[in-house]
Amino acid sequence: MTSHSTSLTPFKIRDASPRDQAVIVEFNRRLADETEGKRLDSSVLERGVARALADSDRLRYWVVEQVGDQTIIAQTAVSREWSDWRDGWIWWLQSVYVVAEHRRRGLLRSLYKHIRDQAQAEPDVIGIRLYVEEANHRAQRTYEALGLKPGGYSVFEELWIKKTQTG
């Protein structure tokens, strides 16, 4: 756990735990709606977050909470990809969300630095990546300000969403 403060909000960064599930589910719901205009299936989302919180090898969440009242005001998660080309793990940032009234206050910068420091301390982690919605130019500018650069790849996918809805 790391304590920080912005000019307005003292906060700490910590690993998420199962007790944070409801907040993470809500933040992910908001994230999908705000960035992509998508409505997520609540039962699938709740199951997915619960599985992640029970197994950090599946997906590891961090949260930012205000000091004092312990209100969670931001989150992100990391999944891992093995790169045989580079002989190391790449950490993929996902589920990045900051509560609207706390944006532009340095929370994401602190959260990213915290995760980056942890990644660099691991001898077999070789980098951090994320994907961002093509039309989300504000997020792209934010990530560039953190030092991230376009990776030169486009993401192609084939998803089998119906499989997740059967539980």
Side-chain angles (χ1 to χ4, degrees), residues 1-2 4 13-18 20-21 23-41 44-65 72-99 102-103 106-161 163-164:
M1 185 167 35
T2 306
H4 303 274
I13 298 169
R14 64 171 174 79
D15 283 274
S17 72
D20 303 317
Q21 180 177 344
V23 173
I24 292 170
V25 166
E26 175 60 18
F27 285 3
N28 285 338
R29 185 199 62 76
R30 290 182 196 176
L31 177 63
D33 182 50
E34 291 175 22
T35 62
E36 300 180 34
K38 291 183 179 176
R39 293 183 54 114
L40 301 178
D41 180 309
V44 173
L45 179 57
E46 288 173 12
R47 258 192 345 264
V49 170
R51 286 182 182 183
L53 290 171
D55 179 5
S56 64
D57 280 340
R58 188 180 298 261
L59 184 69
R60 182 177 175 189
Y61 278 101
W62 286 267
V63 294
V64 178
E65 66 180 30
I72 297 173
I73 54 178
Q75 72 174 30
T76 196
V78 164
S79 60
R80 302 177 318 144
E81 170 192 3
W82 181 256
S83 174
D84 54 347
W85 287 12
R86 296 172 182 91
D87 188 29
W89 289 106
I90 296 171
W91 282 11
W92 281 83
L93 285 181
Q94 54 191 84
S95 301
V96 177
Y97 188 79
V98 178
V99 172
H102 293 283
R103 293 178 186 160
L107 295 174
L108 181 57
R109 179 173 298 280
S110 294
L111 185 54
Y112 178 72
K113 182 184 180 319
H114 178 81
I115 292 168
R116 186 176 186 271
D117 289 347
Q118 288 193 14
Q120 286 186 320
E122 296 291 328
D124 58 353
V125 176
I126 57 163
I128 295 176
R129 286 184 173 155
L130 62 83
Y131 57 88
V132 60
E133 184 72 19
E134 289 177 2
N136 195 342
H137 301 292
R138 182 177 178 182
Q140 291 172 30
R141 288 189 303 272
T142 298
Y143 297 136
E144 287 174 352
L146 294 176
L148 293 158
K149 299 171 188 61
Y153 295 95
S154 293
V155 175
F156 289 74
E157 63 185 16
E158 181 180 2
L159 299 176
W160 302 288
I161 300 302
K163 289 177 93 170
T164 65

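FYI, the numbering just counts along the sequence from 1.
- We find that Arg29 and Glu26 are joined by a salt bridge, their nearest charged nitrogen and carboxylate oxygen being less than 4.0 Å apart.
- Side-chain contact between Tyr131 and Tyr153 is absent, with no heavy-atom pair separated by less than 4.5 Å.
- Proximity of Val78 to Leu93: side-chain heavy atoms (C-beta onward) are separated by under 4.5 Å at one or more points.
- Ile24 places a side-chain heavy atom less than 4.5 Å from the side chain of Leu53.
- Salt bridge absent: Glu34 and Arg138 never bring a charged side-chain N and a carboxylate O closer than 4.0 Å.
- The ring-ring contact (aromatic ring centres under 6.0 Å, His included) check on Phe27 picks up Tyr97, with sequence neighbours excluded.
- Side chains of Val63 and Val23 form no contact here, defined as non-hydrogen atoms less than 4.5 Å apart.
- Under a 3.5 Å cut-off, the side chain of Glu36 and the backbone N or O of Glu133 do not form any donor-acceptor pair.
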(request) Evaluate the criterion side chain to side chain contact (heavy atoms under 4.5 Å, CB included) for residue pair Arg80 and Asp57; output intermediate values, then yes/no. (result) CA-CA 8 Å; Arg80 302 177 318 144; Asp57 280 340; 4.2 Å; yes
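- Residues Lys113 and Arg109 have side chains not in contact (no heavy-atom distance under 4.5 Å, counting atoms from C-beta outward).
- Looking at Asp15, Thr76, Asp55 one by one, the single match for side chain to side chain donor-acceptor pair (under 3.5 Å) with Arg60 turns out to be Asp15.
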(request) Given side chain to side chain contact (heavy atoms under 4.5 Å, CB included), test Arg30 with Val99 step by step and report yes or no. (result) CA-CA 9 Å; Arg30 290 182 196 176; Val99 172; 4.2 Å; yes
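- Looking only at side-chain heavy atoms (C-beta outward), Leu130 and Val96 stay at 4.5 Å or farther from each other.
- Using a 4.5 Å cut-off on side-chain heavy atoms (C-beta onward), Ile126 and Ile90 make contact.
- A donor-acceptor pair under 3.5 Å links the side-chain atoms of Gln21 to the main chain of Glu46, judged by distance alone.
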(message) Ser79 vs Gln94, test: side chain to side chain donor-acceptor pair (under 3.5 Å). Steps then yes/no.
(response) CA-CA 8 Å; Ser79 60; Gln94 54 191 84; 2.8 Å; yes
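- Formation of a donor-acceptor pair under 3.5 Å by the Asn28 side chain with backbone atoms of Val25 is not found in this model.
- In this structure, the side chains of Arg14 and Asp20 come closer than 4.5 Å at one or more pairs of heavy atoms.
- Heavy-atom contacts from other residues, nucleotides or ligands closer than 6.0 Å to CZ of Arg103 number more than 12.
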